[in-house]
Amino acid sequence: MRRYNPQEIEPKWQKVWEDTKLYEVDTSDGSRKFYIIPMFPYPSGDLHIGHWYNFAPTDTVARWHRMQGRRVLHSIGFDAFGLPAENAAIKRNIPPAQWTKDNIAAMTKQLKTIGPSYDWSKVVTTSDPAYYRWTQWLFLKLFEKKLAYRAKGVVNWCPKDQTVLANEQVVGEDNVCDRCGTPVVRKEMEQWYFKITDYAERLLKDLDEMDWPGRVKLMQTNWIGKSQGALIDFKLDGSEDKISVFTTRPDTIFGATYMVLAPEHEILRQLSISDEVKKYIEQTTRKTELERKEAEKEKTGVFTGSYAINPVTSEKIPIWVADYVLMGYGTGAIMAVPAHDERDWQFAKKYDLPIKGVVIHDFGEPLADEEYVEGVVVIAYDPKTKKYLALDKWANGVGLAGGGINEGESYEECARRELLEETGISDVESWIRLGEPVYSHYYNNLKDTNKRSLGQGYLAIVDSSQKLKESGLEAHENFQPAWIDMDSIRVGINKLRPSKGTGGVDHWLEMCDRAEKAVEAYMNQQPYEQDPYSGEGLLINSGGYDGLPSAEAREKIVADLAKQGIAKEETNYRLRDWLISRQRYWGPPIPVIYCDKCGIQAVSEKDLPVQLPENVHFRPTGQSPLLQDENFVNTKCPSCDGPAKRETDTMDTFVDSSWYFLRYPSPDFEQGPYDPQIVKDWGPVDHYIGGIEHAILHLMYARFITMFLRDYHGLPFEEPFKKLSNQGIILGPDGHKMSKSRGNVVSPDEQVTSYGADSLRLYMMFMGPYDQGGPYNLGGITGTRRFLERVWSLAGEFTEAQPGSPGAKEEVELTSAVHRTIKSVSQDLEQLAFNTAIASMMSLVNELHARRESTGIARTPAWQNALDSLVLLLAPFAPHIGEELWQDLGHKTSVHSTKWPMWDELLIKQETVKLAVQINGKVRAEIEVSVDISEAEAIEKAKSADKVVSYLEGKEIKKAIYVPGRLVSLVVA
RNA sequence: GGGCGAGUGGCGGAAUUGGUAUACGCGCACGACUCAAAAUCGUGUUCCGCAAGGAUUGUGGGUUCGAUUCCCACCUCGCCCACCA
């Protein structure tokens, strides 16, 4: 028998596939199309293991679709513009174009060793003038629609890479450049932007319907950051001027006790302000982003000396300037509600501004036929023992003292009375009111009624040497007042949690939290203060709106203020426009000309591409090297033909990658970025596979550009990627991110040399769930290599075997095993569960092996079918050995053009099945029964099973449960 | 601080309309073949226990005949966002 030698068969088949153009697809025919691609790589020059982890599984899925008779377009390209090429030029004195070209050649060679089913006639390289011509065209089209514009503003500047960055490219806690990790600085510059914010609502709304990982959808949702609220005008005291604020919580307006302006707010120029305020404004506006971040914990601000009028209370409220309000969001002014906003609260505490609570908690969901009650909750505390007094053994948990208020009684009187009645404590050192009362909805199981209660909490400081009551009273006669630690009280209260009407429990837990805070304050001799509450609830201290749920009050208040013409509903987004200019060389030049007479002029479409000059001088000066190339810079104005200068900034590489997938189906089209008919037939991408790191950047930009092209340039779809999958990240064997400095880099090339590409592909898909990634275990690949060896030897032995006649039993068993495997591999592939798909193939191989050991392999139709099916299932995962063995098994055409096998449910079904027998929940025996046994028979058989009998002796069977195909469960006593 | 996700043998992991936990692989041990080794093949391998048996899916509690799966609280780790009003 021949040995399995991947070094021989892999290059052999790669060459055959390329020579026969097996994977080239004629895109003029769009029938049964399936368009699947990985995210194209940046040509760094070296294909690393992460690339393999992206490309190999994508290839497996592509091959699987092809075997199901689809016309698959699977292609690759290079995201070839970008900084590293330029840095290499500076460092090694090689032109970026040359460096890029060499890298692409090297990577193409590496790529081919994977044995991918790419259509090599449709490779796209973004630095190719024939490509970036259309990137520039895209700019012109956006410019035409005023969606590309030039504006002055504060931008993020990376001092190391010497260029501006988009918001999306500034990451992490310290606001660093996502490429080099240097903290960015803020600079005011005039730059080019794409108006992605015009598409914010569509970008958000489409997400609902998309077959994308929830995580990515969530990240995009957060990034777009839609918030609905209202604009409300506050009049300036003693003036006709007004200040408009944006708020998402108009329901809290009665609690707006002051107002804050961003230091950059325009109205500050009109107000008469002191020098002190001017100085503050100057200081804060000059701060860099980093400095503002560092100062984050400590908010600063100054009082302007002016007042505004709260439109609902008509109260004068002071206007402050503070750095915690940003000019870039909303109106740059806020109404501050310290009782219900964490930031306003901190600020109010620091500067001693009034805090007014207007929303109180409303725990639990409203219940049917609620009875309204008012009462108190009392927690006692002894500072000496540090224990709290609660009602132990209350309905098998722990309760708190308290009860309903009597006619004419104050809250505090009620608290005093309840504490005495339920615990026996009469001597209280100090009573502390625990903030505002709260509402709760709960079910009283003793009286079988639903309650809606308004409860006031109290903390009583007492000495625990007082005698406690022996036991509880009336309805809950079992409880026992006891001194307990707070954690145990919480656990005890949680035990009471009912399935409905959980408000009572949550109410108590809230009071526990408040009691602890109050104790801390008491020990420090401070008054107790309620924490700011930013949740929903019911309104208090809000005039005619008292008692309304906050959501309802929001709408009502805005509607009422709108009638007076001082409020309107408003939606805000966090998404900012996309800054696309870069002060670098290696990118598509922005096709714009500046003329002293005519201003900003777009380059005429017929003059595209604006070619990047090749011979430029590289120095990291903070200005584009193009600036020094006079031949490039000096040109004629397209409008007046007078002398003019070109824009020397280039475009962000994310512009290149925001439309490349539209080019693959017609890469050589010269009349536009894509052939309109072909893109209509082949778009959108049916399945897009790549890393989570592009969740926001690339995937948001590509969606925006696709929407734009749909609106104005004939695309019949607005979402570019129907289905998206993310691969996980492969770590080094030590569990850390692979890096040269750590010395934990696994070279895929070495793995291929030692084990073969098929083994590597298989191992990467076998090591765990695809979207999870994880450490690369160097020993693990031996398992998939062994598996392939076993497949190889089975096929080899079969081809050398003598014809035989099959036994009927053997045939049935073989067929059943094969169909079971076809089913699970097919279903697993559907969900990209490669690891379990491979595991079931391994199981089949183990079974075939065992059969060979016991009865041997004969040339029978059953064996032929078993091995054919196995090879077909394996082919998308390990394409080379699949092709080789397919030929060995006597087939003339490529396995990759052969139909994927189907399974037959009837052939999988077995005649008998094993049932577990449980006694009181424990498995005690196993019985083998016919699949279609009746319930009564199964139970009867279970009872008489060997081991079961002894367990049943002298016991009565209370219950018997039969789950067909699974088990019989007997409950005995 | 907020949001999302995860925690199962020595290791990677499998199992969810609640139904025999540990499939598949790595590693390890023993055996066969061999002068020997590698490779290959076979047997075993969650833990405790000689065994009978018992325990076990981060911890504690709950619902259930039955919980890795559902509910509650907590712990740990990972990712994303972070003064967005």
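Order of the sequence lines fixes the chain letters, A, B, ..., with proteins taken first and strands second; residue numbering starts at 1 for each chain.
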### Message
With a cut-off of less than 4.0 Å, is there a side-chain N or O of A:Arg215 near OP1 or OP2 of B:C80?
### Response
no
### Query
Does any N or O donor sit under 3.5 Å from an N or O acceptor when you compare the side chain of A:Lys299 with the base of B:C83?
yes
### Query
Between A:Asp828 and A:Lys823, is the closest basic N to carboxylate O distance under 4.0 Å?
no
### Query
So, is A:Ser227 near the phosphate of B:A85, with a side-chain N or O under 4.0 Å from OP1 or OP2?
yes
### Summary
Base orientation of B:G49, chi within 90° of 0 counted as syn, else anti, reads anti
### Query
Does the side chain of A:Lys922 get closer than 4.0 angstrom to OP1 or OP2 of B:A55 through an N or O atom?
yes
### Query
Roughly how many Å is it from CD1 in A:Ile696 to C1' in B:C80, rounded to a whole number?
8 Å
### Query
Would one find a side-chain N or O of A:Arg820 under 4.0 angstrom from OP1 or OP2 of B:A23?
no
### Task
Select base, sugar-phosphate, or nothing to describe what A:Ser793 touches, counting heavy atoms under 4.0 Å on all strands.
nothing
### Query
Hey, is the side chain of A:Arg786 poking within less than 4.0 Å of OP1 or OP2 on B:U40, counting only N and O atoms?
yes
### Message
Can you tell me if A:Asn846 touches the phosphate of B:G25, counting only side-chain N or O atoms and a distance under 4.0 Å to OP1 or OP2?
### Response
yes
### Message
I'd like to know if the side chain of A:Tyr776 and the backbone of A:Met738 have a donor-acceptor N/O pair within less than 3.5 Å.
### Response
no
### Query
Base, sugar-phosphate, or nothing: which does A:Ser969 touch, judged by heavy atoms less than 4.0 Å apart?
base
### Message
B:C41, OP1 or OP2 - any side-chain N/O from A:Arg790 closer than 4.0 Å?
### Response
yes
### Message
Is it true that, when you exclude A:Ile961 itself, more than 12 heavy atoms of the residues, nucleotides or ligands shown sit nearer than 6.0 Å to its CD1?
### Response
yes
### Query
Considering the options A:Tyr329, A:Phe347, A:Trp345, A:Tyr351, which one meets the ring-ring contact (aromatic ring centres under 6.0 Å, His included) requirement together with A:Tyr324?
A:Phe347
### Query
OP1, OP2 of B:A39 versus side-chain N and O of A:Arg3: anything below 4.0 Å?
no
### Query
Is a side-chain donor-acceptor pair under 3.5 Å present for A:Glu516 with A:Tyr388?
no
### Message
Ignoring hydrogens and geometry beyond distance, is a side-chain donor-acceptor pair present between A:Ser534 and A:Asp341 at under 3.5 Å?
### Response
no
### Task
Give A:Pro775 one of three labels, base, sugar-phosphate or nothing, depending on what nucleic acid heavy atoms sit under 4.0 Å from its own.
nothing
### Task
Using a cut-off of strictly less than 4.0 Å, decide whether A:Asn835 has a side-chain nitrogen or oxygen near OP1 or OP2 of B:A14.
yes
### Query
Ignoring hydrogens and angles, are the base of B:G19 and the side chain of A:Gln918 linked by a donor-acceptor pair under 3.5 Å?
yes
### Query
Of A:Val923 and A:Gly768, whose nearest nucleotide on RNA chain B comes first from the 5' end?
A:Gly768
### Query
Do you know which two heavy atoms are closest between A:Ala336 and A:Pro338, and how far apart they sit?
O-CD, 3.3 Å
### Query
When you look for runs of 3 or more Watson-Crick or G-U pairs in a row, both distances below 3.5 Å, which of them include RNA chain B?
B:1-7 with B:75-81, B:10-12 with B:24-26, B:27-32 with B:40-45, B:46-48 with B:53-55, B:58-62 with B:70-74
### Query
Counting any heavy atom closer than 4.0 Å, what does A:Arg924 reach on the DNA or RNA strands: base, sugar-phosphate only, or nothing?
sugar-phosphate
#### Entry: 5' precedence on RNA chain B between A:Met219 and A:Leu915 (nearest-nucleotide basis)
A:Leu915
### Under 4.0 angstrom between A:Gln772 side-chain N/O and B:G13 OP1 or OP2
yes
### Query
Counting distance only, does the side-chain N/O of A:Arg574 pair as donor-acceptor with the main-chain N or O of A:Trp223 below 3.5 Å?
no
